[in-house]
Amino acid sequence: MKKYKVAVIGATGMVGQRFLTLLENHPYFEVSALAASSSSAGKNYKDAIRKWHLQTPMPEKFAEMKVFDAAADIGKIAQSADFCFCAVNMKKDEIKALEEAYAKAECPVVSNNSAHRDTPDVPMIIPEINAEHLDVIASQRKRLGTKRGFIAVKSNCSLQSYVPLLYPLKKYGIKSVAVTTYQAISGAGKTFETMSEITDNIIPYIGGEEEKSQNEPKKIFGKVEDGKIVPCNGLKITAQCLRVPVSDGHTAACFVSFDKKPSKEEILKAWKEFSGEPQKLRLPSAPEQFIHYFTEDDRPQARLDRNLENGMAVSAGRLRADEIFDYKFIGLSHNTLRGAAGGAVLLAELLCAKGYL
């Protein structure tokens, strides 16, 4: 099949680095341009990198590529790429403007950033869950005045550890959810070398995370109506988010009540049988089994289970009845794979399969 040319905007950061490791030998995509801030522009990629954050080595094929200025070279980048991945570290308003500029230059944007997640005509996709939300792209193109250009985003990384476990249960009427997420330091773009304050410590606050954890699922569970995504405001979620001394892997302790309480066996069956468009279409990055349930009392564990199915599966365990809620369980997902770059690559694969690119 045709290989799509792709630009990586924000290529020098941790998520940008993860994009390049995933795209090195991708069957659909070929990296045609790298972009970052003006301080990196004009340098070879290997010289623009302040620190390589991943255990996977830097792919040699990108080392000598020239880095473009993400803001100043939009025209050049758009001409060289069929679409772009965006993972930049800028202010929210600046990211919004940058992504719209790429879209208006007829370069579709698959974004890892949060800036457009609350824009009503921008689909926020977990590919197995709400692929039908891509329908809103037609309305977004009308607003932007584009033929090809649009913006599609993935949801917050921590959502992947519990929303995929809630979604197969929506037929039982999810009444209320309480969740606490225990989030890895790579979610802040840090390693143990660069985040000394996390040693022997838990930090009980991550700016903006609790609001995202409570609001973004409502959009994911929503419906496309009149050219926009209408959130499911009947879904009640309260969240707390903690930073913990773990390199990769976000864990969630989740409590849920239902209108029609299912049995434990029904929940386990729903998880085991659940799959979505990526599995149906056999997309390259899709896990064969989306949700894996562990029967051991001490699983899932970040160190043992985060890399399940190349880091693209979601793990669950400790499902049991609760005296206040109906049930409680533990969820786990890899935050820079399923939760960030890997989830965006899977979204781009879905967009290709559906004809949007």
Side-chain angles (χ1 to χ4, degrees), residues 3-26 28-115 149 151 153-154 157 185-196 247-248 335-337 340-342 344-345 348:
K3 274 210 168 186
Y4 294 81
K5 292 182 178 180
V6 57
V8 178
I9 314 301
T12 56
M14 181 179 284
V15 175
Q17 292 173 20
R18 181 67 80 181
F19 270 123
L20 294 185
T21 64
L22 296 175
L23 296 171
E24 180 181 11
N25 299 303
H26 196 281
Y28 290 9
F29 308 137
E30 181 179 348
V31 176
S32 61
L34 304 176
S37 65
S38 58
S39 62
S40 298
K43 297 178 181 178
N44 291 337
Y45 184 68
K46 66 178 182 180
D47 298 323
I49 293 288
R50 295 179 184 175
K51 178 179 175 57
W52 185 258
H53 295 288
L54 309 180
Q55 292 183 348
T56 307
M58 180 193 300
E60 291 185 9
K61 67 189 292 183
F62 305 126
E64 302 295 333
M65 286 184 69
K66 187 180 81 169
V67 177
F68 289 96
D69 186 319
D73 295 327
I74 292 173
K76 294 178 183 177
I77 295 166
Q79 286 181 352
S80 73
D82 294 309
F83 74 99
C84 67
F85 291 111
C86 189
V88 294
N89 184 15
M90 300 164 61
K91 294 179 180 178
K92 186 173 181 178
D93 288 345
E94 294 173 347
I95 296 172
K96 274 191 169 184
L98 184 72
E99 292 182 345
E100 285 207 359
Y102 275 94
K104 288 179 178 178
E106 301 294 359
C107 184
V109 180
V110 179
S111 178
N112 187 72
N113 302 112
S114 65
I151 301 161
V153 302
K154 51 158 290 300
C157 55
I185 59 176
S186 56
K190 301 287 188 177
T191 65
F192 285 112
E193 292 179 2
T194 60
M195 194 177 187
S196 58
S247 59
D248 294 303
N335 56 295
T336 68
L337 288 170
V345 170

Checking Ser39 now: which residues fulfil side-chain hydrogen bond (donor to acceptor under 3.5 Å, both in side chains) with it, not counting sequence neighbours? Ser37
Pair Ile77, Ile9 - check side chain to side chain contact (heavy atoms under 4.5 Å, CB included), show working. CA-CA 9 Å; Ile77 295 166; Ile9 314 301; 4.1 Å; yes
Looking only at heavy atoms, the pair that brings Ile151 and Ala103 closest together is CG1-CB, 4.1 Å
To the nearest 0.5 Å, what is the distance between CD on Glu30 and CG on Asn25? 11.0 Å
What are the two closest non-hydrogen atoms of Ala341 and Val15, and how far apart are they? CB-O, 4.0 Å
Do the side chains of Leu337 and Leu22 get nearer than 4.5 Å, heavy atoms only? yes
Residue pairs, two or more places apart or on separate chains, that pass ring pair (Phe, Tyr, Trp, His ring centres under 6.0 Å) and touch residues 33-62: none
Kindly state each residue pair satisfying side chain to side chain donor-acceptor pair (under 3.5 Å) with at least one member in residues 69-82, sequence neighbours excluded. none
Which atom names give the shortest non-hydrogen contact between Ala63 and Asn44, and what distance separates them? O-CB, 3.7 Å
Would you say that Val110 contacts Val6 through its side chain, given a criterion of any heavy-atom pair below 4.5 Å between the two side chains? no
With salt bridge (charged side-chain N to carboxylate O under 4.0 Å, His left out) as the rule and sequence neighbours excluded, what pairs involving residues 5-24 come up? none
I need the minimum non-hydrogen distance between Ala81 and Ala7, along with the two atoms involved. CB-N, 3.7 Å
The criterion is salt bridge (Lys or Arg N to Asp or Glu O under 4.0 Å); which residues satisfy it with Glu64, sequence neighbours excluded? Lys46
Using side-chain hydrogen bond (donor to acceptor under 3.5 Å, both in side chains) as the criterion, list what pairs up with Ser247, not counting sequence neighbours. Arg306
Sequence neighbours excluded, every pair satisfying ring pair (Phe, Tyr, Trp, His ring centres under 6.0 Å) that has a member inside residues 65-102: Phe19-Phe85, Phe29-Phe83, Phe83-Phe85
If only atom types and distance count, is the side chain of Lys43 paired as donor or acceptor with the main-chain N or O of Ile49 below 3.5 Å? no
Salt bridge (charged side-chain N to carboxylate O under 4.0 Å, His left out) contacts in which one or both residues fall within residues 48-58, not counting sequence neighbours: Lys51-Glu193
One pair to check against side chain to side chain contact (heavy atoms under 4.5 Å, CB included): Leu20 and Leu34. What are the steps and the verdict? CA-CA 10 Å; Leu20 294 185; Leu34 304 176; 3.7 Å; yes
With sequence neighbours left out, write down each residue that passes salt bridge (Lys or Arg N to Asp or Glu O under 4.0 Å) with Lys66, or none if nothing qualifies. none
Partner residues of Thr191 under the side-chain hydrogen bond (donor to acceptor under 3.5 Å, both in side chains) criterion, sequence neighbours left out: Thr194
Please output the side-chain donor-acceptor pairs of residues 87-101 that fall under 3.5 Å, not counting sequence neighbours, one pair per line with the distance.
| from | atom 1 | to | atom 2 | distance (Å) |
| --- | --- | --- | --- | --- |
| Glu94 | OE1 | Lys91 | N | 3.4 |
| Glu99 | OE2 | Ser111 | OG | 2.5 |
| Glu100 | OE2 | Arg143 | NH1 | 3.4 |

Applying side-chain hydrogen bond (donor to acceptor under 3.5 Å, both in side chains), can you list everything that pairs with Thr12, at least two apart in sequence or on another chain? none
Minimal non-hydrogen separation, Thr21 against Pro57, with atom names: CG2-O, 4.4 Å
